[in-house]
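First up is the structure itself, then whatever we jot down about it.
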Amino acid sequence: MKLSAYIGIVAIMLLSHTTFAQIRNSKLVTVDINGNCGMCKSNIEKAGNKENEAAVIWNSKNGKASITFDGTKTNEDAILKRIALSGYDNERYLAPDEAYSALHDCCQYERSKKTEDTATADAEHTPEHKHEGRKIASNATDENHAAHSPASGLGKLITPYLEVKNALVEANKEEAVMAAKELSEALQALNSKKLPSIETAIWNTESKHLNQTLQAFQAAKSMDQQRQEFAKISSSFYKLLKADKASGALYYQFCPMYNDGKGAYWISEKSAIENPYYGSEMLSCGKTVDTL
């Protein structure tokens with residue numbers, strides 16, 4: 001074995017050891033996660049891993065994943081839900097159809113049918129209701145679930161909105177523009193007749209405002225301007241989701257320092273704060289003020 005290859009293996013082993021060592025109160029579980037290849041392995045582990053909280057190692061040969069997590073900070077359900085939302089069916093959650101379709105061709109594994117014990121990843125599934133969650137999700141036909149389903153309604157807007165937010169967290173201006181364009185296209189394609197529970201007046205007002213703000217966002221010359229428009233986008237988006245009274249794992253969060261101390265809000269799929277207005281400069285500045 002060449003020296004460079006040996007050094008590489010040792011480095012990976014040391015990094016892995018360090019990652020697990022930082023997870024306290026650790027629990028270990030083994031679960032089935034669908035996938036095909038090395039790219040799947042990277043995607044699955046990236047989605048499931050969370051610093052000092054969870055570490056995932058997925059075996060592409062047998063589809064088994066070893067998950068180590070801090071039981072005081074998270075749980076198996078939350079980790080598997082993140083993985084499903086990235087496009088990968090597992091023994092507890094089915095990936096949304098849009099997330100699966102977005103996978104690279106080589107990653108599109110053969111999907112199994114839904115079962116009574118498997119929930120769709122966008123359904124309400126909090127730790128305190130985990131047993132009820134699987135049953136409700138597998139049979140959900142009510143309007144509130146439909147509103148957040150990626151297959152119809154407002155669910156089509158959630159993913160591109162979160163992509164905009166995450167691009168701002170990473171201070172990636174180009175990615176933010178691309179995501180904003182996707183959000184704009186999804187908004188224009190959405191049929192408001194599929195939103196039976198939303199108040200028509202709020203939809204008409206906020207969708208128009210969102211369209212205008214998204215255009216301004218895409219035309220912004222700087223990231224500062226993008227972030228100013230994002231604050232407006234988030235305000236409108238929150239009103240739409242709140243009026244629809246749908247439930248899901250979304251968090252309405254607030255940064256008190258932005259906009260000269262006036263503050264600004266955003267919506268996140270994570271309870272942990274990752275501030276899109278300051279990025280790495282003040283990543284954890286803010287708090288959750290509402291759960292949708």
Side-chain angles (χ1 to χ4, degrees), residues 29-50 54-67 69 74 76-115 117-123 125 134 137-138 140 145-146 148-170 172 174-187 189-190 248-250 267-270 274:
V29 296
T30 301
V31 297
D32 292 319
I33 301 175
N34 288 356
N36 291 329
C37 59
M39 185 181 295
C40 292
K41 177 179 173 65
S42 176
N43 292 340
I44 290 169
E45 293 178 356
K46 181 179 179 181
N49 291 347
K50 203 166 187 180
V56 179
I57 297 178
W58 183 74
N59 188 324
S60 61
K61 293 182 179 179
N62 60 18
K64 299 285 185 181
S66 297
I67 303 178
F69 62 94
T74 188
E76 184 180 346
D77 281 348
I79 299 165
L80 290 177
K81 186 172 185 178
R82 289 203 303 270
I83 292 171
L85 288 171
S86 71
Y88 294 91
D89 295 345
N90 55 68
E91 63 185 48
R92 294 200 180 183
Y93 290 104
L94 292 173
D97 290 340
E98 288 188 352
Y100 173 81
S101 297
L103 295 175
H104 191 277
D105 290 347
C106 72
C107 295
Q108 293 189 352
Y109 50 87
E110 184 176 351
R111 306 190 74 181
S112 58
K113 295 181 180 179
K114 293 184 180 181
T115 67
D117 292 329
T118 307
T120 51
D122 61 310
H125 199 80
R134 282 195 290 273
S138 62
H145 180 269
H148 271 200
S149 170
S152 64
L154 292 179
K156 291 186 176 181
L157 306 181
I158 293 173
T159 297
Y161 169 88
L162 293 175
E163 288 176 351
V164 174
K165 183 265 297 181
N166 290 331
L168 294 179
V169 170
E170 298 295 331
N172 191 323
E174 291 72 23
E175 288 290 337
V177 171
M178 291 174 62
K181 182 179 179 181
E182 291 179 10
L183 178 55
S184 181
E185 292 173 350
L187 181 68
L190 190 146
L250 293 174
I267 297 166
S268 179
E269 75 281 22
K270 306 173 184 177
E274 292 185 357

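Please read all numbers here as calculations on a predicted model, not as lab measurements.
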| field | E98 vs K156 side-chain heavy atoms within contact, under 4.5 Å | value |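 They are in side-chain contact.
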| request: Decide yes or no for N34 and N90: does some side-chain heavy atom of the first lie under 4.5 Å from some side-chain heavy atom of the second? | output: no
[atom1]/[X] to [atom2]/[Y] distance, rounded to the nearest 0.5 angstrom?
X	Y	atom1	atom2	value
Y88	L94	OH	CG	15.0 Å
I44	I79	CD1	CD1	13.5 Å
S60	N36	OG	CG	9.5 Å

| request: Go through Y100 and Y109 one step at a time and tell me if the ring-ring contact (aromatic ring centres under 6.0 Å, His included) criterion holds. | output: CA-CA 9 Å; Y100 173 81; Y109 50 87; 5.1 Å; yes
Minimum heavy-atom separation for [X] and [Y], please, with both atom names.
X	Y	result
L183	L157	CD1-O, 3.5 Å
I83	A47	CA-CB, 4.1 Å
S101	Q108	O-NE2, 3.2 Å
I33	W58	O-NE1, 3.0 Å
C107	N43	SG-ND2, 4.3 Å
A84	P96	O-CD, 3.4 Å

| query | Who are the side-chain hydrogen bond (donor to acceptor under 3.5 Å, both in side chains) partners of E274, not counting sequence neighbours? | reply | K270
| query | Is the count of non-hydrogen atoms from other residues, nucleotides or ligands lying under 6.0 Å from E170 atom CD greater than 12? | reply |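 Atom CD in E170 is not crowded, with 12 or fewer foreign heavy atoms closer than 6.0 Å.
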| field | Matching residue for V56 among V31, I67, L80 - test: side-chain contact (heavy atoms from CB on, under 4.5 Å) | value | I67
| query | Taking 4.0 angstrom as the limit, do R82 and D77 come out as a salt bridge? | reply |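 No salt bridge links R82 with D77.
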| field | K165/E269 ion pair, N-O < 4.0 Å | value | yes
| field | Those residues that, when tested against F69, pass ring-ring contact (aromatic ring centres under 6.0 Å, His included) (two or more places apart) | value |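 By the ring-ring contact (aromatic ring centres under 6.0 Å, His included) rule, F69 matches no residue at all.
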| Given the rule in the side chain to side chain contact (heavy atoms under 4.5 Å, CB included) test, do D89 and R111 qualify, once you have shown the distances and angles that lead to the verdict? | CA-CA 8 Å; D89 295 345; R111 306 190 74 181; 2.8 Å; yes
| Taking K64 as the fixed residue, which of N59, D32, T30 is the one that meets the side-chain hydrogen bond (donor to acceptor under 3.5 Å, both in side chains) rule? | D32
| request: Please assess V177 against K181 for the test side chain to side chain contact (heavy atoms under 4.5 Å, CB included), listing each intermediate value before the final yes or no. | output: CA-CA 6 Å; V177 171; K181 182 179 179 181; 5.7 Å; no
| message | The test is side chain to side chain contact (heavy atoms under 4.5 Å, CB included); show your working for E76 and R92 and say whether it passes. | response | CA-CA 9 Å; E76 184 180 346; R92 294 200 180 183; 3.5 Å; yes
